[in-house]
Amino acid sequence: MPIPKAYEASEHEDTIYQQWEDAGHFTPTIDPNKKPFVISMPPPNATGQLHLGHATMLALEDIMIRYHRMKGDPTLWLPGTDHAGIATQNKVEQIIANQGLTRHDLGREEFLKKVHEFAENSKDTIRNQIRKMGASCDWTRERYTLDEGLSQAVQTVFTRMFEDQLIYRGDRIVNWCPRCSSTLADDEVDHKEIDATLYYFTYGPFIIATSRPETKLGDTAVAVNPTDKRYKQYVGQTMDINFGDHQITVKVVADKSVDPKFGSGALGVTPAHSHADYELAQKHDIKVVQVINEEGLMTDVAGKYAGQTVQEARTNFVQELKDLGLMVKEEPYKQNLSICYRCSTSIEPLISKQWFVDVNKPVLDWKGGKHSLKAVALDVIRSGDIEIIPDRFNKIYFNWIENLRDWCISRQIWWGHRIPVWYKGEELKVSATAPGPDWKQDPDTFDTWYSSGLWTFSTLGWPEQTEDFKYFHPTSVLETGYDIIFFWVARMILMTTYATGEVPFKQVYLHGLVLDKQGTKMSKSKGNGIDPLDMIAKYGTDAVRLSLVIGATPGNNVRLYEEKIAGYRNFVNKLWNSARFLLMICQECEMIDHETPNNFPVKSIADKWIVSRLHETVKDVTQALEKHLYSEAGVKIYEFLWDEYCDWYLEMSKDKDQNPQLLVAVMQNILKLLHPFIPFVTEKLWEKLGTGKALIIEEWPDYTQIPHDQDAINQISIIQAAIYKIRSTRTELKIDPVRKLNAIIYTGDQYLNTFKDQSHHLQKLARIEDLTIQATGPKVDEAAHQVLSGGIEIYLPLRGVIDFDKELSRTNTEIKETKQYIMATHKKLSNEGFIKNAPPEVVERETDQIAKAKAKLVQLEERLEQLK
RNA sequence: GGGCGGUUAGCUCAGUUGGCUAGAGCGUCUGGUUUACACCCAGAAGGUCAUUGGUUCGACCCCAAUACCGCCCACCA
């Protein structure tokens, strides 16, 4: 039974996946004699849906994984999910908000139960969606950041850092999100430009400018530039400033960071609510007064404004300043507002007691010395222990690490790993469980990235020295989006080098963002998003995978649109149908060799040609994959299948010298090369055309085992050129494509045998009835005339059909073009520098080309004479 | 303010050690039921490779500057 005419992806994919998984093909065998290939899957958040970013990640990683598995490497792709502290908690808070509830209404325990339920549900969804993408990851090793073992790892690392005094608790200025009621790390703060007002008002003897007048109620200093003559007299003084009945006391300090040209040149310093001011305060020993609390309300310090929101206080205070006649002017001002990366609420910098990781303390044993986390994180890239692809991200990474401040790791949200610290009065103990009665645990949880920073090794059983950890760590490649380089990649490097003394991975491959056809970011609000699952349902996973991989280069964004996916669906169908054709011919002759792949029984020149081209393709694809050039590898095999195997070899096979064994042998190799890219359709076809073993665990082709014959390539190329010429001549002369023509070809001596051997292909593919092939011969009247490079002449006798004026002008045009080419090439060849400096093979090629063009020109000119 | 990326056919993009007369898919046009595939086949039209200068025997590719588009970091109150 022939297979159906069109490939219906949805009918096969789930079954095939199930077969792979049931057969255990995703689980590697540990072999101490072999070097493993390992990827830790970046864990999707346990919050819901697979999006195109995940799809890209899965497609690329699955290509790497399948390629290495076929190469015979013990290959581990470890999947999992991330509890995603703030993100997940926010999601659930939104859900209960619909019932008019807050997490505080439910209480910690009850709320966490709800989040847990939600996350478990999402995990199921995500797991199935990862399977839909065809990801061949080892589900037997699936992990979740809140698993028992991973929590153990978190506690162990915290304890060790605490003992190394790398972790400290202290009052520091932090980024506070009033809506999340939590701190955020510096890189978890986004920025948004807004139209704000810059207020200038009288402030004792100064006029100061600020966009946040309400914070001035918490000022403890005024800073001026040391060179600023206007204010020199005040420096060092302490003075009281009155706003009506409200008084503040400020110290006047000089600091060169103050720009005398901005505003009035005098800066009101609010150490508790600005990072920059906080640093000034540290430097000049300035008092810190908190005027905004953790709910975003004014504190008692603000006097009559106490209890008001920041916004209210601003409006009211501005009004009061105006009433008092203190307001000097208001200017429109572009302010770069800090907002929360999870809920877009405006961030309040404030002072809070939090846990920090010291990134500058040299406590880490690394390459025979003691170094800071920061220093090691820089060293691993500088020394090449870790390679970032593309390497332009090195600079971005260095810049971030170099400017890294101590990392605030405590969060006031509930969903996450609890900080393993207990208090009893003034006493403090680090312990996973209560050290005894009356001890109270720190209410805070860890920054999500603290636990995901351990992902490559916590998932392998660390802190136990498990067989998995010893064998599979460090991992080979970390593949992820460039938008996550700071959040995650940098954190993994910091945490892993500290905890294990190893790098987490040897290479980092960064992919770009998926954008729509106009190049804008896809988002729910814009409605321009493409749901990968819809596309899978419509076009099949294989097509979706190709559309995300081909045309994408590392670190660069890709645009995705439905027509593109449809195009790759067509490719998948093309493959299906070429296999269908093989099955039709092989069914009769039962000639499929299931036993000895890579046996290439060549008979004809065309056979030698396709095998040689297969050799080149296997080589190109393999080398591209080794260099992480996935798009290029995909394009190469795409073109080989469609343009050469189908359009030429298959067509040539519809003839007397059909060679079914070879057709199948080549197809088997094509299926292998394509399998990492489009695993489903290739596995399906392998059932019919393969060896009986599953394709997923077949051996990757070795091009050195495939014969290569340059002469066969040259011979077929010249035949193809002749066929192209005849076909285009027909179109130009508007000859009915169905009509058979006669042809006379003068080949010269070199190609006489080639043309004679291949005459049946010429006849068939160029639709030639009577074909005369000779080395030379007389000019033919009333015929279309074409000359191939090298002087091979083709006559198509068309008595009464040829328009001689047209033929004349066509010949003239071609003569002109050929002359131009000869002149350009001649110029190149008569340039001494070229002969001297260009590689010999380039010079040789040019010499050869000019000779061929000259031969062609002679023929064309003779023809012109004849036409006149 | 600092840094990065992009600019190649109507659209989306390839073009990795600088060397054939710059390519593909989609779209357009002309034709086409040939031993698979109309999700197909054959052919055609369409490009001063953003601009200017430099290096080189030779530049889409390297360097410098400019313009426009996009992104990241910093945060001058």
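A, B, ... follow the sequence lines: proteins, then strands. Residue 1 opens every chain.
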In whole Å, what is the span from the CD atom of A/Glu846 to the P atom of B/G19?
12 Å
Near-ring test A/His511/A/Tyr509, centroid separation under 6.0 angstrom
no
Among B/C11, B/G19, B/A74, the nucleotide that comes nearest once only the side chain of A/Lys517 is considered:
B/C11
Watson-Crick/G-U partner (both atom distances under 3.5 Å) of B/U21:
none
Atom NZ of A/Lys836 and atom P of B/U56 are separated, to the nearest Å, by 13 Å
Going by purine N1 to pyrimidine N3 plus the second Watson-Crick contact, or the G-U wobble pair, all under 3.5 Å, which nucleotide sits opposite B/U55?
none
Compute whether any side-chain donor of one residue and acceptor of the other, for A/Thr729 and A/Gln786, lie under 3.5 angstrom apart.
yes
By nearest atom, which of the nucleotides B/C39, B/C13, B/A36 is closest to the A/Phe581 side chain?
B/A36
Side chain of A/Arg569 (C-beta onward), nearest among B/U34, B/C4, B/C39:
B/C39
For A/Asn403, report the nucleic acid contact type (base, sugar-phosphate, nothing); a contact means any heavy atom under 4.0 Å.
nothing
Rounded to whole angstroms, how far apart are NZ on A/Lys828 and P on B/G58?
11 Å
Among B/A42, B/A74, B/A36, find the nucleotide with the atom closest to the side chain of A/Asn336.
B/A74
Which nucleotide wins on minimum distance to the side chain of A/Leu629, given the candidates B/G25, B/U16, B/G19?
B/U16
May I ask you to evaluate whether A/Asn570 reaches the phosphate of B/C40, defined as a side-chain N or O under 4.0 Å from OP1 or OP2?
yes
Measure CZ/A/Phe398 against C1'/B/G2 and give the value in whole Å, please.
17 Å
Check this for me: does any side-chain nitrogen of one of A/Arg314 and A/Glu214 sit under 4.0 Å from a carboxylate oxygen of the other?
yes
Separation of atom NZ in A/Lys334 from atom P in B/G1, rounded to whole Å:
16 Å
I need the CG-C1' distance between A/Asn831 and B/G19, as an integer number of Å.
13 Å
Side-chain donor-acceptor contact under 3.5 Å, A/Tyr203 with A/Asp219:
yes
Is it true that the NZ or CZ of A/Lys654 lies under 6.0 Å from the centre of A/Phe581's six-membered ring and within 45 degrees of the ring axis?
yes
Base, sugar-phosphate alone, or nothing: which one does A/Lys574 contact when heavy atoms must sit under 4.0 Å apart?
base
Looking at B/C4, I'd like to know if its phosphate oxygens (OP1 or OP2) sit under 4.0 Å from a side-chain N or O belonging to A/Arg392.
no
The side chain of A/Pro839 is closest to which nucleotide in this list: B/U12, B/G19, B/C57?
B/G19
Look at all strands and tell whether A/Thr210 reaches a base, only sugar-phosphate, or nothing, counting heavy atoms closer than 4.0 Å.
sugar-phosphate
Output yes when at least one side-chain N/O atom of A/Thr825 is less than 4.0 Å from OP1 or OP2 of B/C20, else no.
no
Residue A/Ala838, side-chain atoms from C-beta onward, closest of B/A36, B/A42, B/G19
B/G19
Given the structure, check if the side chain of A/Glu651 and the base of B/A36 hold any donor-acceptor pair shorter than 3.5 Å.
yes
Classify the side chain of A/Asn399 and the base of B/C73 as holding, or not holding, a donor-acceptor pair under 3.5 Å.
no
I'd like to know if A/Gln849 reaches the base of B/C20 with its side chain, counting only an N/O donor and acceptor under 3.5 Å.
yes
According to a strict under-4.0 Å criterion, is A/Arg559 in side-chain N/O contact with OP1 or OP2 of B/C13?
yes
Let's see if you can work this out: which of B/G25, B/C41, B/C39 has an atom nearest to the side-chain heavy atoms of A/Trp642?
B/C41
With a 4.0 Å cut-off, would you call A/Arg727 and A/Glu732 a salt bridge?
no
Between atom NZ in A/Lys734 and atom P in B/G32, what is the gap in whole Å?
13 Å
When both distances are under 3.5 Å in a Watson-Crick or G-U wobble arrangement, the nucleotide paired with B/G10 is B/C26
How many Å lie between CD1 on A/Ile396 and P on B/G5, as a whole number?
8 Å
Do A/His761 and A/Glu651 pair up side chain to side chain, a donor and an acceptor below 3.5 Å, judged on atom types alone?
no
Within the structure shown, what part of the strands sits under 4.0 Å from A/His191 by heavy-atom distance: base, sugar-phosphate, or nothing?
base
Is A/Val572 touching bases, backbone alone, or none of the nucleic acid, heavy atoms closer than 4.0 Å?
nothing
Please pick, from B/C39, B/A44, B/G5, the nucleotide with the shortest atom-to-atom distance to any side-chain atom of A/Asn556.
B/G5
